[in-house]
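Just below is one structure, and these are the notes that go with it.
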Amino acid sequence: MSPRLPSARTNLYLSLGSIGFALVLGLVWAPLDSGTGLIETVRRQVTIGDALAPTLAAGMIGLGGVLVLAQRRAPDPGGLGPANLGFLLRFLAVIAVAFALMRWTGPVAVTLANVAVADDLTYRALRDTAPWKYLGFFAGGSFLIATLISAVEGRPTLRAVLIAAATTLALIAVYDLPFDDLLLPPNGDV
Amino acid sequence: MGVLDYIWLGILAVFQGPEIFSVAGFGISVTLVMILSGFLMGILVGATPGLAGPMAMAISLPILISIFGFTPDALLPVMGFLIGVMKGATVGGAVPAILFNTPGTPDAYMTTLDGHPMAKAGQARKALKIAHVSSASGDTFSDVVLILCAPFLAVLVEAYLDLPEKTALLILSLAFIASVIGGSVGKGLISMGLGLFVAYVGTGEDFYPRLSLGTQTLAQGFPVATAILGVLILGEVFKALEDLWWDRRAARPPAELVQSGDQRLHWADIRRIAPYIGRSAVIGTAIGALPGIGSTLAATLGYASGARVHARTRPGERPFGQGAPEGIAATEAANSSVSGANLIPVLSLGIPGNAAAVFLILAAESIGGFNPGPSVFKFTADAVNPELVVAFGLFTAMMLANLLNWTIGGVFMRVAGVMIRIPKHILLPVVLLLTLTAIYVQEARMSAMWFAVGFGVLGYGMRRLGISPLPFVIAFILGGKLEDTARQAFAATGGDVWFLFTSPVAAVFIALAVAVVVLSLRRPLEAKA
């Protein structure tokens, strides 16, 4: 298991964070970023304004923070430490690279193809044409799965790459082949 | 149109829906096939440690909606499939618990205590049969209670509760859920408050979308599937992957145990476990009817209650925890009887009580034409109420799934043991990509996947900090409804700021909401003492 901070200290940070967020939300964000206040009078009719509900939500978060603060030494299974955050950052980096591959593999491949055959195609024009429309999803999806499997196994393996490729192809077969109206990443964005 | 007419129409809607193929001249309705498919898939998912019914429901929902479209005809096939998954997963969770000492679903943990010792003693098949009979009995009992109670409760709500009382009831439900889920009422309130906050981003009555910081991205609000799948599914995947990362080893499938002796389930066995099934079914159903209390608590209470009675009435027999068949029966009947009763607050009040119910509501909202809540049960005499027909169609689907459970569930359970051989560290990245793809095909924009990852981080953080994500999800779903009802109640009472306290029923609900929070505050202090 990962090394963690003692739960009492984690609870202290959680409660202070919750109270701080509740204060910002209730006193600054909700009143300044809502079209109407807590209670509005329109043509002599009193109605609930848009700021009331988020203010009450802030009240709930703040109350929860105060209660956690009061009971921060109670037995608690929770715990979050720098090691967890380190894992999370590495994990998010893998996801970011996978998303970048999904987004840009297709357009880059089209650009390279244009250079190779001296054509003037765009990915947008090809985004409904196989194999172009699968390139990004295949590259990004395979990278994501293979990297995560390899990370847990402690070393990159051919088996991880093959599983990743097979899974991504299976997802293409499930989501794209039978349905004309479904778009795989990134074909809805480009 | 009488009650019986509606029941008959609901049954016909299932059996005479769009035909998928015909056998010997008889058309087989697509809803029947979907219930069967969902049930079988549910058993496989439940038998796979690391997967759970809600995950399968989340991933399959966009595919189902793509197949069946956004028409009222899609409601029964899609929701029938989801109900099948829900029920199958409940049964399937016991398989790895018994065979490999690894619960397939968290609520099957107590099943390992007696199920695995029985398997080690060469009685695995018998243990599986006991788990199956107990689970199917508990589930069927729970469904009967649902079918009898939900319409009456809904009619009572419609007859006696006006807008202020409905607002107070929603507040009571949220307070209850925040207080009873997890070990800390403070953390429950934080989770609930965050769910409400997220629900209010980019919404409101004014032309300006509130809390949007002037950006177009936030002005659209957070897509429902993105927030729910992110917090519930991705958060769990992130946490499970990290646990594997620190363990740095793949979960190796354990060796199969050698089986011997009589594996049949005799009438004497059934008579022996019947009282335990009955007691746990009542406990599980009662707990399931309360929103927010999950099947894990029901299983724990059913097991503890059964253990006490067993020690008192049968002191000479094998005690719970050492391979007692009664222990399996007490656990499985309790956790399975939660699933039907959990739909009582969904169908009668529109309040989801667990993750599976969240996805049923999500399916209904995505497809349209069916809004779970008290208005469903309007027995209109002059014209057909289509929502009521769907409700009775859902009841029919549940009873059909029970029938499948009784007939083929046991066989499939035994086959599903093979699912434990899929290593978790391979399964989880696949589930991650599946979920992200499911989100993209619904929203068709990369930003939705980023939002989902953001909510996944939130769900991960909640789990690490001991905060249950369920109050967040339920508050997110109910946030809009709570505000709308409160606005209407406020307007209907002529702008009375005390509208939650002027009606005695509403005042009682609010007093109960405060009481449940205050009483829950004492739990950690007692535990500390």
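So that the names make sense, note that chain A is the first sequence line, chain B the second, and so on, each numbered from 1. Below, all heavy atoms of this structure are taken into account, side chains as well, without hydrogens, waters or symmetry copies.
- The residue among A:D189, A:V46, A:L148 with the most heavy atom pairs within less than 4.5 Å of chain B is A:D189.
- Heavy-atom distances place the side chain of B:V453, and not its backbone, under 4.5 Å from chain A.
- Most heavy-atom pairs under 4.5 Å with chain A: of the set B:L196, B:I67, B:T203, this distinction falls to B:I67.
- Contacts of residues 429-438 of chain B with chain A at a heavy-atom distance below 4.5 Å involve B:P429, B:V430, B:L432, B:L433, B:L434, B:L436, B:T437, B:A438, listed in sequence order.
- When the candidates B:M192, B:R210, B:E483 are compared by the number of heavy-atom contacts under 4.5 Å with chain A, B:R210 comes out ahead.
- When side chains are defined from C-beta on, B:M462 does not count as touching B:I190, because their heavy atoms never get closer than 4.5 Å.
- Among B:R487, B:E443, B:Q442, the residue with the largest count of heavy-atom pairs under 4.5 Å with chain A is B:R487.
- In this structure a side-chain-to-backbone donor-acceptor pair under 3.5 Å is present from B:T493 to B:F490.
- Across A:I163, A:L171, A:T168, A:T41, the residue that shares the most heavy-atom pairs under 4.5 angstrom with chain B is A:L171.
- Between B:T226 and B:A452, the closest heavy-atom pair is CG2-N, 3.3 Å.
- A donor-acceptor pair under 3.5 Å is formed between the side chain of B:S191 and the backbone N or O of B:S468.
- Across A:A98, A:P178, A:A164, A:G49, the residue that shares the most heavy-atom pairs under 4.5 angstrom with chain B is A:G49.
- Only the backbone of A:N187 comes within less than 4.5 Å of a heavy atom in chain B; its side chain stays farther off.
- With a 4.5 angstrom heavy-atom cutoff, B:I59 touches chain A via backbone and side-chain atoms both.
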- Message: Run B:Y440 and A:Y175 through ring-ring contact (aromatic ring centres under 6.0 Å, His included) and show every step you take.
- Response: CA-CA 11 Å; B:Y440 192 88; A:Y175 280 110; over 10 Å; no
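- Contact annotation for A:I39: only side-chain heavy atoms (C-beta onward) come within less than 4.5 Å of a heavy atom of chain B.
- Atoms CD1 and CG, on A:I145 and A:L162 in that order, are 12.5 Å from each other to the nearest 0.5 Å.
- The residue among A:S34, A:A170, A:G140, A:A160 with the most heavy atom pairs within less than 4.5 Å of chain B is A:S34.
- Residues A:R90 and B:W245 are in side-chain contact: their nearest non-hydrogen atoms beyond the backbone lie under 4.5 Å apart.
- Residue A:L69: no heavy atom, backbone or side chain, is found under 4.5 Å from chain B.
- Heavy atoms of A:L88 lying under 4.5 Å from chain B belong exclusively to its side chain.
- Crowding of B:M449 atom CE: a count of heavy atoms from other residues, nucleotides or ligands under 6.0 Å exceeding 12.
- At least one donor-acceptor pair closer than 3.5 Å links the side chain of A:D50 to the backbone N or O of B:D206.
- The parts of B:M446 that come within reach of chain A are both its backbone and its side chain, each placing non-hydrogen atoms under 4.5 angstrom from that chain.
- Between B:Y460 and A:F87, the ring planes lie tilted relative to each other; the angle falls in the 30° to 60° range.
- Residues A:F143 and A:T105 have side chains not in contact (no heavy-atom distance under 4.5 Å, counting atoms from C-beta outward).
- Between chain A and the options B:A444, B:G495, B:A491, the largest number of non-hydrogen pairs under 4.5 Å is found for B:A444.
- Here the rule is side-chain contact (heavy atoms from CB on, under 4.5 Å) with A:S18, and of A:L67, A:I61, A:V68, A:L63 only A:I61 fits it.
- Side-chain contact between A:R159 and B:I426: present, with at least one pair of heavy atoms (C-beta onward) separated by less than 4.5 Å.
- In this structure, chain A has a heavy atom under 4.5 Å from the side chain of B:V457, while its backbone stays farther away.
- With a 4.5 Å cut-off on non-hydrogen atoms, A:V66 does not touch chain B at all.
- Residues of residues 127-137 of chain A that come within less than 4.5 angstrom of chain B, heavy atom to heavy atom, are A:F137 in numerical order.
- Counting heavy-atom pairs closer than 4.5 Å to chain B, the top residue among A:A51, A:A30, A:G188 is A:G188.
- For a residue to count as touching a neighbouring chain, one of its non-hydrogen atoms must lie under 4.5 Å from one of that chain's; by this rule B:L482 does not touch chain A.
- You'll find the side chain of A:Q71 reaches within 4.5 Å of the side chain of B:L521, heavy atoms only.
- When each of B:L213, B:V201, B:V517, B:L194 is checked for heavy-atom pairs under 4.5 Å with chain A, B:L213 comes out on top.
- Residues B:L163 and B:F499 have side chains not in contact (no heavy-atom distance under 4.5 Å, counting atoms from C-beta outward).
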- Query: Taking it one step at a time, do A:T122 and A:R124 satisfy side-chain hydrogen bond (donor to acceptor under 3.5 Å, both in side chains)?
  - Reply: CA-CA 5 Å; A:T122 61; A:R124 188 173 173 77; over 6 Å; no
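- Side-chain N/O atoms of B:R445 and B:S447 include a donor and acceptor closer than 3.5 Å.
- Under the 4.5 Å side-chain criterion, counting only non-hydrogen atoms from C-beta, A:T36 is not in contact with B:E205.
- Aromatic ring centres of B:F476 and B:F222 lie farther apart than the 6.0 Å criterion allows.
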